[in-house]
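Written below as structure tokens is the structure these notes are about.
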Amino acid sequence: ASGLADKVLEGLAEVAYQARDLGAMKHGDSTLINLYLLRQVMMRYLPEAALSVFEDYCLNANGLLLAIGSRRLPDRPANEEPVMCFAFPHLSFEEYLASQYIATLDNPEEALAQRNAASDRWFYAGLFLGEQYALVTPKRAKNMLEMFHQLLKDGAAWRNVWLAGVLWPLFCAEFPERRGDHAALEGRVRERLTTLCATGQLLPPERADAGRVLSELGDPRNLEELVAIPQGPFIMGSKEEGPGLDERPQHEVVIPYNYKIGKYPVTVKLWKRFADEAKYDQRDSDSLKGYDNHPAHDVSWHDACNFCQWLTDVWRKEGKISGSEEARLPTEAEWERAARDTDGREWPWGDTFEENRANTDESGIRRTTAVGIFPAGESPAKCLDMIGNVWEWTISLGAEYQDKSYAKRVREFKYPYNSEDGREDMRASDTFSRVVRGGSFRRPHGFARCACRIDHYFDHPFNRYG
């Protein structure tokens, strides 16, 4: 009986593979398996009597396969009767079985790389295959290395690069003695992942996963890069009423000095360095969690200001800024000028929102991502992640409240913007709120407009504020 059961699983592995390889229709995320294909494959594994019992089981019991109902098949004659179709009860089971069959092919690593390059239906089958090489006795480092070779060939599809990146930490964990011998391969994985993220390849959720892997490998980008913003006029505010503090009237503001601003948001890595070197006891320890190349989060306004004081000393010692320069939070005007340029555009790229340009709620990611992986959202000033990911603190005051319950506003800092009316007072009491800009991963795109203003009280860290 055990031998027959093994044959059933071997046959189902080929069924899963063939259905995916033939590009069969889907039932949800699972692949539809028609009765013709099921019989054609399983008859090579089961004797006729056993095949009949197996078919009857599939039709009448929800076990190895689910009977989905009859469907007309696009590759069959139009006058043919609909045929019964099945699907595996769990997508992961289907992907696992497909990987098991790939492992039996003459060149499984090449076969997987070719299919993963051509279709998004093979990525997790490839992940299962790599895990089989790494975790199943006997472990097969040779096969994993061949898999990396196939996935990272010159001109490799970006989905293959992503898969190589996901599998590399597994290789290092299971074959630590081999890692040192393959430093060049690790460098190749890191370099290709960096290019994938920085050039905006794949869909946003896939790219976000690649960014997390890049963090684990050590993101080689200079995430402390500064960009120069020239002095001069720009259009500030909005023609329409916004969801937060009033953004009207739209008006011209002149910034009478040149300044620099970060190309990327401050990262978790730099924030953790600050907390360690400054022995800083921040209010929310969650700010120390997360991936190094993600934006700092769970940061209060006071935390951000203390960080800037530390960063000023560090950058002066490193020669990044002069002794007369300081690192500080931007004013509302400085932030908006860097985000939207001079022409009053709605978003950093123009007046029409596109969900692949920023990590807002529309991206479907619903968590922070590595900074700089939405290059299509770059502002004319060359700044990235000005919108989405996490809200960004500014110096500017939003409103004064009656007390620290923040229940009743007694004064608002409205437009036209005037830097001399007290709104840039760093010493204002905690009954005032400060303005945050840029939206976040959990807010829709209306909050991510360059003109959108939201106020928040000083000392309350939040996982969407950085």
Side-chain angles (χ1 to χ4, degrees), residues 13 16-17 20-21 91-199 201-220 291-293 369-370 373:
Y17 169 85
R20 284 177 165 245
D21 204 41
L91 179 60
S92 294
F93 184 43
E94 176 188 326
E95 292 164 335
Y96 167 76
L97 288 174
S99 75
Q100 294 297 292
Y101 186 78
I102 291 174
T104 68
L105 300 177
D106 290 339
N107 298 293
E109 299 81 20
E110 181 179 25
L112 184 279
Q114 290 174 347
R115 283 158 179 77
N116 190 53
S119 168
D120 62 1
R121 301 175 86 166
W122 294 95
F123 181 87
Y124 290 100
L127 192 57
F128 277 120
L129 181 63
E131 290 174 344
Q132 177 180 333
Y133 289 158
L135 302 174
V136 178
T137 304
K139 296 180 179 180
R140 290 182 277 181
K142 180 180 178 181
N143 292 89
M144 281 204 81
L145 289 169
E146 176 60 23
M147 196 168 180
F148 290 122
H149 170 72
Q150 294 293 337
L151 292 172
L152 295 172
K153 281 183 174 180
D154 289 341
W158 292 111
R159 196 176 296 107
N160 282 349
V161 173
W162 173 32
L163 180 57
V166 172
L167 289 174
W168 183 255
L170 179 62
F171 175 83
C172 295
E174 296 302 319
F175 306 102
E177 74 284 356
R178 304 291 297 270
R179 184 175 185 176
D181 298 333
H182 299 284
L185 177 57
E186 182 168 328
R188 174 69 170 163
V189 173
R190 184 185 295 110
E191 180 269 329
R192 297 300 290 151
L193 275 176
T194 302
T195 302
L196 184 161
C197 291
T199 56
Q201 307 299 326
L202 303 178
L203 297 174
E206 297 169 341
R207 193 163 66 249
D209 186 54
R212 291 189 286 270
V213 175
L214 182 60
S215 180
E216 294 179 8
L217 293 179
D219 194 327
Y291 293 91
D292 279 357
N293 61 3
T369 59
I373 69 168

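Shown here for A173 and P176, the closest heavy-atom pair between the two residues is O-CD, 3.6 Å. Summarising the geometry of A210 relative to L196, their closest heavy-atom pair is CB-CD2, 3.8 Å, with the distance given to 0.1 Å. Closest approach of E216 to P169, counting heavy atoms only: OE1-CG, 3.7 Å. Closest heavy-atom contact between L167 and M144: O-CE, 4.0 Å.
Here the straight-line distance linking atom CZ of R115 with atom CG of N160 works out to 12.0 Å at 0.5 Å rounding. Between the CG atom in L112 and the CG atom in N107 there is a gap of 12.0 Å [rounded to 0.5 Å]. The distance from the CG atom of L152 to the CZ atom of R192 is 8.0 Å, given to the nearest 0.5 Å. Expressed to the nearest 0.5 Å, how far CZ of R207 lies from CZ of R212 amounts to 12.0 Å. Here the straight-line distance linking atom CG of L214 with atom CH2 of W162 works out to 14.5 Å at 0.5 Å rounding. Of the inter-residue distances, the one linking L151 atom CG with N116 atom CG reads 7.0 Å to the nearest 0.5 angstrom.
Legend: salt bridge (Lys or Arg N to Asp or Glu O under 4.0 Å) pairs involving residues 142-160, not counting sequence neighbours, sorted by first then second residue: D154-R188.
At least one side-chain heavy atom of R178 sits under 4.5 Å from a side-chain heavy atom of F171. Counting heavy atoms from C-beta on, the side chains of E131 and L170 come closer than 4.5 Å. Looking at L185 and W168, their side chains come closer than 4.5 Å, going by heavy atoms from C-beta outward. Side-chain atoms of D219 and D292, non-hydrogen and from C-beta on, never get closer than 4.5 Å to each other.
Put simply, the side chain of S215 never gets that close to the backbone of G211: no donor and acceptor are under 3.5 Å apart.
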Carefully, step by step, assess L217 and L193 under the rule side-chain contact (heavy atoms from CB on, under 4.5 Å).
-> CA-CA 10 Å; L217 293 179; L193 275 176; 3.7 Å; yes
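Residues satisfying the ring-ring contact (aromatic ring centres under 6.0 Å, His included) test with W122, not counting sequence neighbours, are Y17. Applying the salt bridge (charged side-chain N to carboxylate O under 4.0 Å, His left out) test to E186 and every residue at least two apart in sequence or in another chain returns R179, R190. Taking the ring-ring contact (aromatic ring centres under 6.0 Å, His included) definition, one finds that Y133 meets it with nothing, sequence neighbours left out. Under the ring-ring contact (aromatic ring centres under 6.0 Å, His included) criterion, Y124 pairs with no residue, sequence neighbours left out.
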Please output the side-chain donor-acceptor pairs of residues 95-106 that fall under 3.5 Å, not counting sequence neighbours, one pair per line with the distance.
| residue | atom | partner | partner atom | Å |
| --- | --- | --- | --- | --- |
| S99 | OG | Y96 | O | 2.6 |
| Q100 | NE2 | Q132 | OE1 | 2.6 |
| T104 | OG1 | Y101 | O | 2.6 |

